[in-house]
Amino acid sequence: MGRDTIADIITSIRNADMNRKGTVRIASTNITENMVKILLREGFIQNVRKHRANKKYFLVLTLQHRRNSKGRYRTVLNLKRISRPGLRIYSNYQQIPRILGGMGIVILSTSQGIMTDREARLERIGGEVLCYIW
């Protein structure tokens with residue numbers, strides 16, 4: 001059985017965000033780099049660095065946190081894995097779900113690469129629904 005790298009990424013980011021960690025380190029693959037670029041572009045994370053240790057590359061993500069008036073931290077990221085190896089979920093461009101009325105994003109794996117729901121609707125292509133982020 002293979003590992004689900006996307007679920008591992010989502011879980012490590014979610015756990016670091018819940019525990020108020022400033023950074024999280026994830027393995028670097030093509031899929032993870034494309035997903036992290038989307039997260040950075042959409043403003044869900046602050047910064048990304050590529051780090052090499054023992055001939056392996058890692059991505060070090062700097063997470064964002066919000067402070068409310070009492071000084072407590074609130075998490076910014078809410079991530080949910082949709083399509084998984086046991087049950088793939090596909091959608092055409094007309095049926096791509098809208099998260100919180102367009103406030104959140106859907107990450108899709110399409111024939112033209114990994115992209116957000118807005119980009120897929122503009123390009124009029126569908127694909128595999130990887131995850132929701134809001």
Side-chain angles (χ1 to χ4, degrees):
M1 296 188 100
R3 292 182 54 187
D4 189 6
T5 57
I6 297 171
D8 292 341
I9 295 164
I10 290 172
T11 303
S12 62
I13 292 172
R14 186 186 309 122
N15 288 341
D17 195 37
M18 286 190 312
N19 290 325
R20 294 187 293 242
K21 302 289 183 190
T23 60
V24 62
R25 190 173 99 170
I26 58 174
S28 177
T29 63
N30 288 335
I31 294 172
T32 60
E33 287 181 11
N34 289 331
M35 285 183 65
V36 167
K37 284 179 188 175
I38 290 173
L39 289 174
L40 184 64
R41 185 176 59 220
E42 295 291 328
F44 289 105
I45 58 176
Q46 281 184 350
N47 194 9
V48 179
R49 296 191 323 263
K50 197 166 190 178
H51 180 68
R52 182 178 171 164
N54 297 332
K55 297 183 182 178
K56 293 184 181 179
Y57 286 97
F58 296 96
L59 295 174
V60 180
L61 310 177
T62 305
L63 302 177
Q64 284 187 337
H65 291 285
R66 289 189 286 217
R67 285 182 181 257
N68 59 11
S69 60
K70 296 178 183 177
R72 293 177 48 193
Y73 284 100
R74 287 186 55 211
T75 59
V76 174
L77 287 174
N78 291 311
L79 301 117
K80 184 176 181 185
R81 177 80 158 120
I82 302 302
S83 184
R84 51 191 173 88
L87 179 64
R88 302 286 186 189
I89 306 294
Y90 296 96
S91 178
N92 61 11
Y93 76 95
Q94 297 166 336
Q95 295 175 344
I96 296 173
R98 293 187 190 274
I99 306 303
L100 294 177
M103 296 290 288
I105 62 170
V106 178
I107 295 182
L108 296 150
S109 176
T110 66
S111 60
Q112 296 181 4
I114 294 177
M115 60 180 61
T116 64
D117 55 342
R118 288 181 220 116
E119 295 168 350
R121 284 189 195 98
L122 287 175
E123 297 286 330
R124 304 188 115 203
I125 54 175
E128 182 182 354
V129 179
L130 297 179
C131 64
Y132 297 159
I133 303 171
W134 69 96

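The analysis underlying the following values was restricted to heavy atoms, covering all of them including side chains, and did not include hydrogens, waters or symmetry mates.
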Notebook entry, point to check: Going from CD on Glu33 to OG1 on Thr29, what distance comes out if it is rounded to the nearest 0.5 angstrom?
Noted result: 7.0 Å
Margin query: Within the structure provided, determine whether Asp117 and Ile105 are in side-chain contact (heavy-atom separation under 4.5 Å).
Written below: yes
Next item on the list: State plainly whether one hydrophobic cluster holds both Leu61 and Ile31, where clusters connect Ile, Leu, Val, Met, Phe, Trp and Tyr through side-chain heavy atoms under 4.5 angstrom apart.
Entry: yes
Note to self: Evaluate Lys50 against Leu59 for side-chain contact (heavy atoms from CB on, under 4.5 Å), listing each step before the verdict.
What the structure shows: CA-CA 5 Å; Lys50 197 166 190 178; Leu59 295 174; 4.2 Å; yes
Notebook entry, point to check: Rounded to the nearest 0.5 Å, how far apart are CD of Glu119 and CD1 of Ile125?
Noted result: 9.5 Å
Next item on the list: Using a 4.5 Å cut-off on heavy atoms from C-beta on, say whether the side chain of Asn15 contacts that of Met18.
Entry: yes
Notebook entry, point to check: Transitively linked via ILVMFWY side-chain contacts under 4.5 Å: Phe58 with Ile6?
Noted result: no
Note to self: How about CG on Asn19, more than 12 heavy atoms from neighbouring residues, nucleotides or ligands closer than 6.0 Å, or not?
What the structure shows: yes
Checklist line | Single-linkage hydrophobic cluster, 4.5 Å side-chain cutoff, Ile9 and Val60 together | finding: no
Checklist line | Asn34 side, atom CG; Met115 side, atom CE - distance, nearest 0.5 Å | finding: 10.0 Å
Margin query: For a quick test of reading the model, state the closest non-hydrogen atom pair linking Ser12 to Ile26 and the distance between them.
Written below: OG-CG2, 3.3 Å
Checklist line | Test item: Glu42 and Arg118 side chains (from C-beta on) under 4.5 Å apart, heavy atoms | finding: yes
Next item on the list: Calculate, to the nearest 0.5 Å, the distance between atoms CD and OG belonging to Glu128 and Ser91 respectively.
Entry: 11.5 Å
Notebook entry, point to check: What closest approach, in Å, do Val129 and Ile82 show between heavy atoms, and which atom pair accounts for it?
Noted result: O-CB, 3.8 Å
Check: Taking C-beta and beyond as the side chain, do Ile133 and Ile38 meet within less than 4.5 Å on heavy atoms?
Finding: no
Notebook entry, point to check: For Leu130 and Arg81, which heavy atoms make the closest approach, and how far apart are they?
Noted result: O-NH1, 3.2 Å
Item checked: Shortest non-hydrogen contact between Ile13 and Val24, atoms and distance -> CG1-CG1, 4.3 Å
Checklist line | Residue Arg88 excluded, over 12 heavy atoms near CZ under 6.0 Å | finding: yes
Notebook entry, point to check: Just wondering, are more than 12 heavy atoms of other shown residues or ligands nearer than 6.0 Å to CZ in Arg49?
Noted result: no
Margin query: For the CG atom of Asn78 and the CG atom of Asp17, what is their distance to the nearest 0.5 Å?
Written below: 8.0 Å
Next item on the list: Specify the closest pair of heavy atoms between Ile114 and Ile107, including all atoms of both residues, with the distance to one decimal.
Entry: CG2-CG2, 3.5 Å
Note to self: On a heavy-atom basis, which atom in Thr110 and which in Gly126 lie closest, and how many Å separate them?
What the structure shows: CG2-O, 3.5 Å
Next item on the list: Spell out, yes or no, whether Leu87 and Tyr90 are grouped together once hydrophobic residues are joined by side-chain heavy atoms under 4.5 Å, including indirect joins.
Entry: no
Checklist line | Gap separating the CG atom of Asn92 from the CZ atom of Arg121, nearest 0.5 angstrom | finding: 11.0 Å
